[in-house]
Number of protein chains: 2
Amino acid sequence: MISFKGFEPTGSSPIYLQIIKHIKVSAVSGDAANGDELPSRRSLSAMLGINPNTVQKAYRLLEDEGIISTVPGAKSILDISPEKLASIKIELLQSTALSAVKSMIEMHITKDDAFRVMEELWDKEEKGESK
Amino acid sequence: MISFKGFEPTGSSPIYLQIIKHIKVSAVSGDAANGDELPSRRSLSAMLGINPNTVQKAYRLLEDEGIISTVPGAKSILDISPEKLASIKIELLQSTALSAVKSMIEMHITKDDAFRVMEELWDKEEKGESK
DNA sequence: CATGCTGTATTATTCAAGTAATACGGTTTA
DNA sequence: TAAACCGTATTACTTGAATAATACAGCATG
């Protein structure tokens, strides 16, 4: 079962997008494996205190993307091809790393300076990661 | 005069935010210097084909932040303290670099892999920069 | 002085996105 | 069989943000 422990909708980002990202990150990071079950729409919505349709929206989009699979009468499961998994990894990277690079170049920052900053941020963040 | 040549509101991001960012980037990158004049609200709005109040909103927020200065009866000018300029630089970096780092750590990517990707993106982006 | 510019404030409108309410039909299981 | 779950579809509501319309007052310059 894909875990939503510690997951809680926060910030201004739409709940359904946070759910989608959580599942994508779980897959990419290896926290979830192919074939793992997802919570039912209703149970997850009850868990989060939101409307079932919000979860449904997330699951539907994930299914459209070919990331999860829903067999009628059974549970939804994680179901990604290796190629798709790789492309999601790239997509997640691009959505952040690429925009960071673009904006730093726009600011006329030298590559050396940029990477110095990035490395500092990395070390600081990694230290704060004690899940 | 701070240049808006080549500037055109694009994408889904609000126009007034794009104006704000353009001015901030101009300041940080060195394209604009302290004391440089900004286009009047009305002229810039005419230039962009938008409502003057949209420009006013951007200018007002910039003034609230202590980035520009408006003397009554004269033009608005760029007016930032060195400290403020440094803090904007950091702010712009954090808004992109930090979130990139966070998301890569979340994906369980190794630091080496991450920086390999970033470097690749950097070189590709820099090459495409022929302003 | 008068025309035309400036910045400012208040209010309205528009629009889209997110979320929720509700209902339908099917499957499992006790 | 009946209760409890499941996924799905349609529709409605709400809210907030972005932008625009309009009006007011001051300064500059011809």
Side-chain angles (χ1 to χ4, degrees), chain A residues 1-4 7-24 32 35-80 95, chain B residues 1-4 7-24 32 35-80 95:
Chain A
M1 173 75 76
I2 293 183
S3 166
F4 277 79
F7 176 85
E8 195 171 358
T10 173
S12 61
S13 169
I15 299 174
Y16 79 96
L17 284 183
Q18 296 186 42
I19 293 172
I20 288 177
K21 190 181 176 190
H22 175 77
I23 292 172
K24 282 185 178 177
D36 282 358
E37 285 182 11
L38 287 91
S40 80
R41 279 88 166 151
R42 282 183 166 85
S43 66
L44 182 55
S45 70
M47 205 180 302
L48 301 177
I50 58 175
N51 192 283
N53 261 335
T54 302
V55 178
Q56 161 66 1
K57 183 171 187 176
Y59 281 20
R60 186 188 192 293
L61 291 171
L62 285 167
E63 185 147 25
D64 288 349
E65 266 198 80
I67 294 170
I68 73 173
S69 185
T70 303
V71 262
K75 302 294 173 60
S76 296
I77 61 171
L78 196 66
D79 181 20
I80 328 177
S95 71
Chain B
M1 174 76 76
I2 292 183
S3 167
F4 277 79
F7 176 85
E8 197 171 357
T10 173
S12 61
S13 167
I15 300 174
Y16 77 98
L17 285 183
Q18 296 186 41
I19 294 173
I20 287 177
K21 191 180 175 190
H22 175 77
I23 292 172
K24 283 185 178 177
D36 282 359
E37 284 183 11
L38 287 91
S40 81
R41 278 89 166 152
R42 281 182 168 87
S43 67
L44 181 55
S45 70
M47 205 180 302
L48 301 177
I50 59 175
N51 190 284
N53 262 335
T54 302
V55 179
Q56 161 66 2
K57 183 172 187 176
Y59 281 20
R60 184 187 193 292
L61 291 171
L62 285 168
E63 185 147 26
D64 288 349
E65 268 198 79
I67 293 169
I68 73 174
S69 184
T70 303
V71 263
K75 303 294 172 62
S76 296
I77 61 170
L78 195 67
D79 181 21
I80 328 177
S95 71

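Every value quoted in this text rests on a predicted model; they were computed, and no experiment measured them.
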What nucleic acid atoms does B:Lys57 come within less than 4.0 Å of, heavy atoms only: base, sugar-phosphate, or nothing?
base
Whole-Å distance between D:dA20 P and B:Arg41 CZ?
17 Å
In whole angstroms, how far is the P atom of C:dT14 from the CG atom of B:Asn51?
14 Å
Measuring from A:Ile67:CD1 to A:Ile20:CD1, what's the distance to the nearest 0.5 Å?
8.0 Å
Can you list, in residue-number order, the parts of residues 58-68 of chain B that come under 4.0 Å of DNA chain C, counting heavy atoms only?
none
Any A:Asp79 side-chain heavy atom under 4.5 Å of A:Ile68 side chain
no
Okay, side chain of B:Gln56, backbone of B:Arg41: is any donor-acceptor separation there less than 3.5 Å?
no
Run B:Leu48 and B:Thr54 through side chain to side chain contact (heavy atoms under 4.5 Å, CB included) and show every step you take.
CA-CA 10 Å; B:Leu48 301 177; B:Thr54 302; over 6 Å; no
Of the nucleotides D:dA18, C:dA20, C:dT6, which has the atom closest to the A:Ile50 side chain?
C:dA20
For the pair made of CD1 in A:Ile19 and C1' in C:dG18, what is the distance, rounded to whole Å?
12 Å
Less than 4.0 angstrom between a side-chain N/O of B:Gln56 and OP1 or OP2 of C:dG7, yes or no?
no
Beyond-backbone contact of A:Arg42 with A:Val55, side-chain heavy atoms, under 4.5 angstrom:
no
A:Tyr59 versus A:Ser40: any side-chain heavy-atom pair under 4.5 Å?
no
Rounded to whole Å, please give me the gap between CG in B:Leu17 and C1' in D:dT19.
13 Å
Could you state the atom-to-atom distance from CG of A:Leu44 to P of D:dG7 in whole Å?
10 Å
What's the closest nucleotide to the side chain of A:Ser40 if the choices are D:dC6, C:dT19, D:dT19?
D:dC6
Of the listed nucleotides (C:dT6, D:dG7, C:dA20), which one gets closest to any side-chain atom of B:Arg42?
C:dT6
Look only at the side chain of B:His22 and the backbone of B:Glu8, and say whether a donor-acceptor pair between them is shorter than 3.5 Å.
no
Nearest to the side chain of A:Tyr16, heavy atoms from C-beta on, is which of C:dT6, C:dA20, C:dG18?
C:dG18
Interatomic distance, B:Ile77 CD1 vs C:dG7 P [rounded to whole Å]:
13 Å
